[in-house]
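Have a look at the structure below before the remarks.
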Amino acid sequence: MTTLQVKDMGNYIFNRSNNLDFGMSNGGLTVFLTVLGLSGTLSANTKKEKELILWLMEHDIEVRGLGNGGFDVEDIPWDVINFEIEKSS
């Protein structure tokens, strides 16, 4: 198991398996997730797409508190069985 190296920002989007992390300020994460949420709610058609947008929005600092936003990419609720089909649509 790799350890995430905490730097000067508390909000991260990371992938522990590959030891990758992207830190953002509180405002940066809010803008990033807001843009994803707004565009996603307009383009999400299937139940799975809508659930993914909701999951992302639940990881914003407005929900979790300052410095507590972000997530591990591996925690996103991907559907392993239909991943290739969902990715291509």
Side-chain angles (χ1 to χ4, degrees):
M1 179 175 164
T2 58
T3 303
L4 178 67
Q5 298 297 318
V6 178
K7 298 178 183 143
D8 58 348
M9 291 184 212
N11 305 303
Y12 280 90
I13 296 174
F14 53 93
N15 182 321
R16 282 195 175 116
S17 295
N18 294 312
N19 202 25
L20 301 171
D21 64 284
F22 182 71
M24 286 187 247
S25 66
N26 290 325
L29 183 66
T30 294
V31 169
F32 177 72
L33 290 176
T34 299
V35 169
L36 279 177
L38 289 172
S39 62
T41 54
L42 292 173
S43 62
N45 296 315
T46 67
K47 180 180 178 190
K48 184 65 179 171
E49 291 170 346
K50 293 173 185 177
E51 288 172 353
L52 178 59
I53 295 302
L54 178 61
W55 188 92
L56 287 168
M57 299 312 302
E58 289 174 343
H59 289 77
D60 189 7
I61 61 169
E62 298 298 323
V63 175
R64 295 191 166 205
L66 295 177
N68 292 305
F71 51 88
D72 188 330
V73 174
E74 292 181 2
D75 291 337
I76 296 174
W78 307 114
D79 183 355
V80 176
I81 296 169
N82 297 315
F83 182 73
E84 290 299 322
I85 295 167
E86 291 173 355
K87 185 171 77 168
S88 65
S89 58

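Here the structure is a predicted model, which means the values were calculated and not measured. One is the number of the first residue; the rest follow in order along the sequence.
Note: Leu20 CG to Ile13 CD1 = 12.5 Å, rounded to the nearest 0.5 Å. Leu33 CG to Glu58 CD: the interatomic distance, rounded to the nearest 0.5 Å, is 11.5 Å. In this structure, the separation between CG on Leu56 and OG1 on Thr34 is 11.5 Å, given to the nearest 0.5 Å. A distance of 7.0 Å separates NZ of Lys50 from CG of Asn45, quoted to the nearest 0.5 Å.
Ile53 approaches Leu36 most closely through the heavy-atom pair CD1-O, 4.0 Å.
Applying the under-4.5 Å side-chain rule to Ile, Leu, Val, Met, Phe, Trp and Tyr, the cluster around Val35 extends to Val31.
Counting non-hydrogen atoms of neighbouring residues, nucleotides and ligands closer than 6.0 angstrom, the CG atom of Leu42 exceeds 12 such neighbours.
With sequence neighbours excluded, the residues satisfying side chain to side chain contact (heavy atoms under 4.5 Å, CB included) with Ile76 are Leu52, Trp55, Phe71, Val73, Trp78. Applying the side chain to side chain donor-acceptor pair (under 3.5 Å) rule to Glu51 yields no partners; only residues at least two apart in sequence or on another chain are considered.
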